[in-house]
Amino acid sequence: MTFNSFLQVTIFFIILIMLVKPLGLYMARVYQGDSTILHSPLRPLERFLYRIFGIREEDEMDWKVYAISLLVFSLVSFVALYLLQRLQGLLPLNPQKLGAVSPDLSFNTAISFVTNTNWQAYGGENTLSYLPQMVGLTVQNFMSAAAGMAVLMAFIRSLTRKQTTRIGNFWVDMTRGVLYILLPMAMILAIFLVSQGVVQTFSPYKQVSLVQPSTSQQPILDAKGNLVTDASGNSLTETITQTTQLLAVGPAASQIAIKELGTNGGGFFNANSTHPFENPTPLSNFVEMLSILLIPAALTYTFGYMVGSTRQGWAILAAMLVLLWIGLGLAFAAEQTGNPALASLGADQTSSTTNPGGNMEGKEVRFGTVNSALWATATTAASNGSVNSMHDSYTPLGGLAMMWMMMLGEVSFGGVGSGLYGMLVFVIVAVFVAGLMVGRTPEYLGKKIETYEMKMAALLILIMPISVLTFTAIAVLTNPGKAAILNPGPHGFSEILYAYTSQGNNNGSAFAGIAANNPFYNITGGIEMLIGRFFLAVPTLALAGSLVKKKKSPESAGTLPTHTPLFIVWLSAVVILVGALNFFPALALGPIVEHLMLW
């Protein structure tokens with residue numbers, strides 16, 4: 001890594017860590033109902049929303065009612081988004097006259113955005129008009145992010161309260177998350193993105209003249225669309241000169257802002273954040289990368305503040321950073337080394353064994369290997385899924401780094417809310433195992449960890465790998481699954497494994513070499529996304545319901561400290577060990593053997 005690359009990465013993490021405390025403190029005050037800088041202008045609107053929807057702010061729920069509220073809200077959101085896509089051809093704000101989206105793709109996309117996955121098996125500018133993009137996708141970016149944060153708040157309350165069943169009000173938590181946190185931050189970021197050149201307009205697509213016209217040979221077709229041939233049966237061609245290009249535009253900046261802040265990741269355009277209308281400048285690239293990790297990182301301080309020990313939050317943040325830096329180091333090394341088969345290009349064959357330019361396939365020259373690898377690692381660590389380079393074009397070990405960050409369970413930052421409550425489940429496992437090993441009391445923040453808590457924690461850790469590996473096996477054993485593979489051998493397997501890993505962890509990024517827009521992958525992928533979201537959120541609330549009933553034990557000499565460097569290392573090791581036990585055999589069949597084949 002060059003000094004310039006090291007400096008860019010260092011500045012990125014310094015700014016990120018500096019923003020953790022102020023934003024984390026602000027979010028804690030929002031969820032506790034304390035006064036904030038936005039309280040005066042937004043509090044009347046908050047109360048108005050409660051009145052029109054019949055919500056009593058002071059009424060709290062047990063975990064079952066909280067979970068039912070989450071599921072009902074998500075079901076209504078799914079139906080609304082599905083109908084928006086199916087009725088698209090009849091709706092306004094459709095200047096390109098795009099027709100209805102197919103039933104299986106509408107099913108997949110609706111689930112994708114409701115579950116905060118934002119897996120996209122379609123090209124945005126060619127499939128969805130402005131209304132579904134705004135009212136459907138952008139709105140769900142806010143709502144799914146707020147839902148994840150709400151579940152986290154319920155879990156945090158279960159650790160701070162004792163001998164009760166109440167863990168908060170889902171509707172109040174949702175309202176405050178959107179109104180005081182996501183909406184103001186997204187508005188500021190959207191204005192900044194517009195200043196950098198991200199488009200925000202309702203105008204139809206623009207036909208523009210090319211600076212340099214291009215020519216190409218195209219086959220001649222008859223009136224029925226059949227090839228025209230000569231007497232020898234050879235296809236006839238004609239020279240076509242292209243002087244114009246149709247540029248897709250639209251209300252993109254508003255969607256891009258919340259796609260990053262809410263760890264959603266769904267792009268307005270098919271090329272996502274490699275597209276200059278989504279990510280035009282190095283500064284926009286830096287700020288969008290920062291936005292991906294900002295809220296998940298700050299929520300660790302929110303957690304520490306709300307449980308009365310900010311050291312606990314800093315310890316979890318440190319463990320997250322350790323996991324992220326491991327993946328980042330692997331991605332940097334792999335992408336800057338490049339493909340050994342191309343090592344001689346641009347270098348003296350007698351003095352160099354590596355490609356000095358690194359692996360630039362699928363990457364923007366304006367970002368280079370370092371900013372591309374940093375984004376790719378951050379987006380897979382944070383359950384975001386947006387891309388500023390094509391992950392399918394990474395080296396085998398670079399692609400492995402992306403998969404590995406997801407296979408850890410999306411707990412190295414993870415999605416807003418969901419990443420932290422996933423990490424807290426690993427904390428419970430780490431505390432329990434460490435307590436048994438050294439004879440310490442298995443408890444966390446004064447709450448004893450007993451049989452029920454460990455059953456729920458084990459369930460939460462195992463659901464994702466079981467579902468991911470099951471669907472991957474089905475895909476490689478069935479004709480519909482194999483028919484979508486565009487690359488043979490280990491890389492084709494990696495594409496399938498990546499797809500279900502991404503969907504099962506509600507990430508949304510992809511190895512784009514797989515033709516996933518078909519009924520098989522749309523249906524199975526939709527089911528996998530539902531499992532990855534709700535089969536984890538509901539048991540998490542059940543775990544919260546158990547913890548909130550317990551009394552708090554005072555800290556004693558037998559209590560295991562959970563804020564020390566030793567515990568940070570232990571927690572990181574537990575996460576890595578669980579991920580390796582679950583996925584190493586599958587990785588050996590894909591990126592690992594593909595890497596060995598390079599040499």
Side-chain angles (χ1 to χ4, degrees), residues 74 78 107-121 144 147-148 151 263-266 327 379-385 391 399-415 417-419 421-423 425-426 457-478 481 484 493-512 514 516 520-540 575 578-587 589-591:
S74 300
F78 164 77
F107 169 82
N108 182 278
T109 304
I111 289 177
S112 177
F113 280 78
V114 168
T115 58
N116 201 242
T117 308
N118 292 36
W119 170 273
Q120 294 175 289
S144 62
V151 174
T263 60
N264 299 283
T379 196
T380 47
S383 187
N384 181 274
H391 293 186
L400 184 148
M402 311 300 103
M403 279 192 272
W404 178 246
M405 297 312 300
M406 295 184 290
M407 288 172 175
L408 294 178
E410 295 279 22
V411 296
S412 176
F413 293 94
S418 60
Y421 67 66
M423 180 60 96
V425 171
F426 274 104
L459 182 66
L460 286 162
I461 288 174
L462 292 175
I463 284 175
M464 181 273 292
I466 288 174
S467 63
V468 167
L469 295 174
T470 298
F471 278 112
T472 301
I474 292 172
V476 299
L477 291 173
T478 58
F493 175 78
S494 294
E495 289 173 346
I496 294 177
L497 179 62
Y498 192 108
Y500 287 114
T501 301
S502 176
Q503 293 170 107
N505 287 281
N506 300 135
N507 183 273
S509 62
F511 273 7
I514 185 170
F520 176 83
Y521 280 100
N522 283 335
I523 302 273
T524 59
I527 295 171
E528 176 68 337
M529 287 184 279
L530 286 173
I531 293 172
R533 179 69 163 185
F534 300 112
F535 280 53
L536 299 184
V538 174
T540 298
V575 175
V578 170
L581 290 172
N582 287 327
F583 287 107
F584 184 80
L587 291 173
L589 294 174

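Position 1 is the first residue of the sequence, and the numbers go up from there. These values consider heavy atoms only, across backbone and side chains, with no hydrogens, waters or symmetry-generated copies.
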Nearest heavy-atom approach of Met405 to Gly327 is SD-CA, 3.7 Å
Taken to the nearest 0.5 Å, the spacing of Asn505 CG from Leu408 CG works out to 9.0 Å
Apply side chain to side chain donor-acceptor pair (under 3.5 Å) to Tyr498 and Ser509, showing your working.
CA-CA 9 Å; Tyr498 192 108; Ser509 62; 2.7 Å; yes
Calculate, to the nearest 0.5 Å, the distance between atoms CD and OG1 belonging to Glu528 and Thr117 respectively.
9.5 Å
Side chain proximity check, Met402 to Thr501, heavy atoms < 4.5 angstrom
no
Kindly indicate, with the supporting measurements, whether the criterion side chain to side chain donor-acceptor pair (under 3.5 Å) is fulfilled by Ser383 and Asn116.
CA-CA 9 Å; Ser383 187; Asn116 201 242; 5.0 Å; no
The reported gap from CZ in Phe78 to CG in Leu530 (rounded to nearest 0.5 angstrom) is 8.0 Å
If only atom types and distance count, is the side chain of Tyr500 paired as donor or acceptor with the main-chain N or O of Leu469 below 3.5 Å?
no
Verify side chain to side chain contact (heavy atoms under 4.5 Å, CB included) between Phe534 and Thr115, making sure each step is shown before the conclusion.
CA-CA 8 Å; Phe534 300 112; Thr115 58; 3.9 Å; yes
Kindly indicate, with the supporting measurements, whether the criterion side chain to side chain contact (heavy atoms under 4.5 Å, CB included) is fulfilled by Asn108 and Met529.
CA-CA 9 Å; Asn108 182 278; Met529 287 184 279; 3.7 Å; yes
Could you check Val575 against Met423 for side chain to side chain contact (heavy atoms under 4.5 Å, CB included), going step by step and ending with a plain yes or no?
CA-CA 9 Å; Val575 175; Met423 180 60 96; 4.2 Å; yes
Find out whether Arg533 and Ser74 are in side-chain contact, i.e. whether some heavy atom of one side chain is under 4.5 Å from a heavy atom of the other.
no
Which atom of Ile111 lies closest to which atom of Gly526, heavy atoms considered:
CG2-O, 3.4 Å
Counting C-beta onward and ignoring hydrogens, is there a side-chain heavy-atom pair between Phe113 and Asn264 closer than 4.5 Å?
no
Is the closest side-chain heavy-atom distance between Thr472 and Phe493 below 4.5 Å?
yes
Are Phe535 and Ile466 side-chain neighbours, meaning at least one heavy-atom pair lies under 4.5 Å?
no
Heavy-atom pair with the smallest gap, counting every atom of Pro591 and Met403:
CG-CE, 3.6 Å
From Phe583 CZ over to Met406 CE, what is the distance, rounded to the nearest 0.5 angstrom?
9.5 Å
Measuring only between side-chain heavy atoms, which start at C-beta, is Glu410 closer than 4.5 Å to Asn506?
no
What pair of heavy atoms forms the shortest contact from Ser502 to Gly508, and how long is it?
OG-N, 2.8 Å
Would you say Phe413 and Asn384 make side-chain contact, with heavy atoms under 4.5 Å?
no
Starting from the C-alpha separation in whole Å, work towards a yes-or-no answer on side chain to side chain contact (heavy atoms under 4.5 Å, CB included) for Asn522 and Phe107.
CA-CA 7 Å; Asn522 283 335; Phe107 169 82; 5.7 Å; no
Looking only at non-hydrogen atoms, find the nearest pair between Ile496 and Ala475 and report the distance.
CG2-CB, 3.7 Å
Does the side chain of Phe520 come within less than 4.5 Å of Ile474's, by heavy atoms?
yes
Between Ala580 and Pro585, what is the shortest heavy-atom contact and its length?
O-CD, 4.3 Å
Rounded to the nearest 0.5 Å, what separation is found between the CD1 atom of Ile463 and the CG atom of Leu536?
5.5 Å
Spacing of Phe584 atom CZ and Leu589 atom CG [to the nearest 0.5 Å]:
10.0 Å
